[in-house]
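Okay, structure first, notes after.
The sequence lines fix the lettering, A, B, ..., with proteins before strands; numbering per chain opens at 1.
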2 protein chains.
Amino acid sequence: MASESGKARRKPRADSLRNREKLLEAAATVFGAGGAQASLEAVAREAGVGIGTLYRHFPTREELFEAVYRNEVDILYALAEELVREEVEPVTALQRWIHASVRLFATKSGMIGALQLATQASAELKTYSMDKMTGSIGMLIDRGVRDGTLRDDIGPEDVFRALVGIYYSQNQTGGPAAALRLIDVFVDGLRKR
Amino acid sequence: MASESGKARRKPRADSLRNREKLLEAAATVFGAGGAQASLEAVAREAGVGIGTLYRHFPTREELFEAVYRNEVDILYALAEELVREEVEPVTALQRWIHASVRLFATKSGMIGALQLATQASAELKTYSMDKMTGSIGMLIDRGVRDGTLRDDIGPEDVFRALVGIYYSQNQTGGPAAALRLIDVFVDGLRKR
DNA sequence: TGATAAACGGAGGCGCCCTCCGTATATTCT
DNA sequence: AGAATATACGGAGGGCGCCTCCGTTTATCA
């Protein structure tokens with residue numbers, strides 16, 4: 001009968017939801033620029049929100065971290081859906097999506113290490129992100145396979161692995177520019193010949 | 001002419017040297033217990049020294065870290081020399097030395113990560129420690145090879161690699177006790193049959 | 001035994017962490 | 001619409017760690 005479990009509850013306040021969004025965005029910026037140990041007060045300032053509000057939404061630094069990460073993954077998934085919905089030509093769509101992924105994580109060099117710690121800590125988070133990423137890639141390459149522009153012997157997991165490799169290489173040498181070039185080569189290789 | 005480079009300088013003050021020692025020891029304790037981000041003020045307190053003194057000796061956290069690490073490596077080298085000097089029976093000497101190494105690093109679980117960062121940053125530090133460690137092992141196994149109690153087809157680098165493997169495994173599971181057992185097996189395998 | 005270079009120590013200013021609670025506001029009820 | 005109330009907001013404040021600066025102490029040198 002009750003729409004949720006247990007007693008009937010009020011719906012969440014609109015300002016609360018807005019602030020949560022603002023905090024996630026600010027955290028992505030601040031952690032991206034200043035590394036994983038950047039000040040939480042800086043995040044609150046950037047979000048234009050009191051420090052108390054930050055702590056109410058994310059009681060620990062780790063929770064904020066994890067939420068930021070989930071959010072980025074969700075954004076990429078939404079982008080994949082959008083590219084499919086707008087019927088962008090499959091190869092172009094795949095290329096755009098991968099570029100966006102690299103760019104999204106490129107700004108977060110300091111976060112990568114912390115992310116690894118986080119994913120090691122939470123298996124749930126790991127499978128969550130794995131599913132979302134391979135899901136995104138899957139829906140993009142399926143279309144290409146169907147219309148005959150992409151090879152059909154490469155799975156989403158393979159593409160994901162390649163992506164991870166390129167994230168890494170970018171962190172060590174060359175930076176985003178080199179990574180983006182690598183990706184063009186890689187995507188070209190995915191074409192059906 | 002001048003004993004050192006350039007102008008004739010006073011010899012360093014005795015209290016300065018003493019404090020440096022005290023700080024290294026305290027830092028090993030505090031970082032060992034509380035992880036790499038433990039408070040530097042706690043280190044100074046533990047050493048019974050003002051915070052200013054700590055900063056004069058080690059202007060940055062990284063420098064303190066590096067010095068602690070060098071110091072531990074030096075201690076192990078000195079132990080190897082001592083074991084040789086006292087003509088301890090070769091297999092026993094090797095076993096004791098390796099046990100000491102494991103115990104020394106066992107207390108420093110939090111430091112391991114930071115050490116990796118440090119060694120990645122400074123190639124010099126890496127080769128320094130590599131040389132000291134393989135040097136120690138080398139002088140210990142040479143004696144065993146010479147008197148015929150140890151096989152002659154295993155180099156110091158091989159032993160060092162095995163050691164690193166055991167450090168790692170201990171960090172993940174079992175703890176020091178398991179590591180020490182592994183070592184006994186390993187050393188036994190080094191005997192000439 | 002001075003003279004003095006060198007080292008000591010800790011106060012102080014700053015920023016960050018996190019909690020607590022008085023104030024503000026969105027939602028619900030009538 | 002207006003009142004009632006559950007929720008969320010903001011930021012002051014106490015505590016701690018970082019790091020610098022400089023008056024005081026002490027070891028070395030002549």
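- Closest to the B:Ser39 side chain, of the nucleotides D:dG17, C:dC17, D:dG11, is D:dG17.
- Comparing atom distances between the B:Arg56 side chain and each of C:dT28, D:dC19, C:dA7 picks out C:dA7 as nearest.
- Computed from coordinates, the A:Asn19 CG to C:dA26 P distance equals 11 Å when rounded to whole Å.
- Of the candidate nucleotides D:dA27, C:dC18, D:dC9, C:dC18 has the atom nearest to the side chain of A:Leu40.
- Positionally, the nearest nucleotide of DNA chain D for A:Gly50 lies more toward the 5' end than for the other of B:Asp15 and A:Gly50.
- Side-chain contact between B:Val159 and B:Phe186 is present, with heavy atoms from C-beta onward closer than 4.5 Å.
- Rounded to whole angstrom, the span from the CD atom of A:Glu62 across to the C1' atom of C:dC17 amounts to 13 Å.
- A donor-acceptor contact under 3.5 angstrom links the side-chain atoms of B:Arg13 to the base of C:dA6.
- Two residues are said to be in side-chain contact when any heavy atoms from C-beta on lie closer than 4.5 Å; B:Val102 and B:Leu163 meet this criterion.
- The side-chain heavy atoms of A:Lys132 and A:Leu76, taken from C-beta on, include no pair separated by under 4.5 Å.
- Not a single donor-acceptor contact under 3.5 angstrom links the side-chain atoms of A:Gln37 to the base of C:dC16.
- Residue contacts shown for A:Arg20 are absent, as no nucleic acid heavy atom lies under 4.0 Å away.
- Toward the 5' end of DNA chain D, the nearer of the two residues B:Arg18 and B:Tyr55, judged by each one's closest nucleotide, is B:Tyr55.
- For A:Phe31 and A:Phe65, the distance between ring centers is under 6.0 angstrom.
- The listed nucleotides are C:dC8, D:dT20, D:dC9; the one nearest the side chain of B:Ile51 is D:dT20.
- The phosphate of D:dA8 has neither OP1 nor OP2 within less than 4.0 Å of any side-chain N or O from A:Thr53.
- Nearest to the side-chain atoms of B:Arg10 among the listed nucleotides C:dC16, D:dA8, C:dA6 stands C:dA6.
- Distance from the side chain of B:Val49 is smallest to C:dG9 among C:dG9, D:dC9, C:dC18.
- Using a 4.0 Å heavy-atom cutoff across all strands shown, B:Arg61 reaches sugar-phosphate atoms only and no base atom.
- Atom-to-atom, CZ of B:Phe58 to P of D:dC19 comes out at 15 Å; the value is rounded to the nearest Å.
- Across the protein-nucleic acid pair, B:Leu23 atom CG and C:dG9 atom C1' stand 12 Å apart, rounded to whole Å.
- Taking the side chain as every heavy atom from C-beta outward, A:Asp152 and A:Lys192 approach each other to under 4.5 Å.
- The CG-P distance, from A:Leu17 to D:dT7, rounds to 14 Å in whole Å.
- Regarding B:Arg45, its CZ atom lies at a distance of 13 Å from the P atom of C:dA11, rounded to whole Å.
- Listed candidates were D:dA27, D:dC9, C:dG9. Nearest to the side chain of A:His57 is D:dC9.
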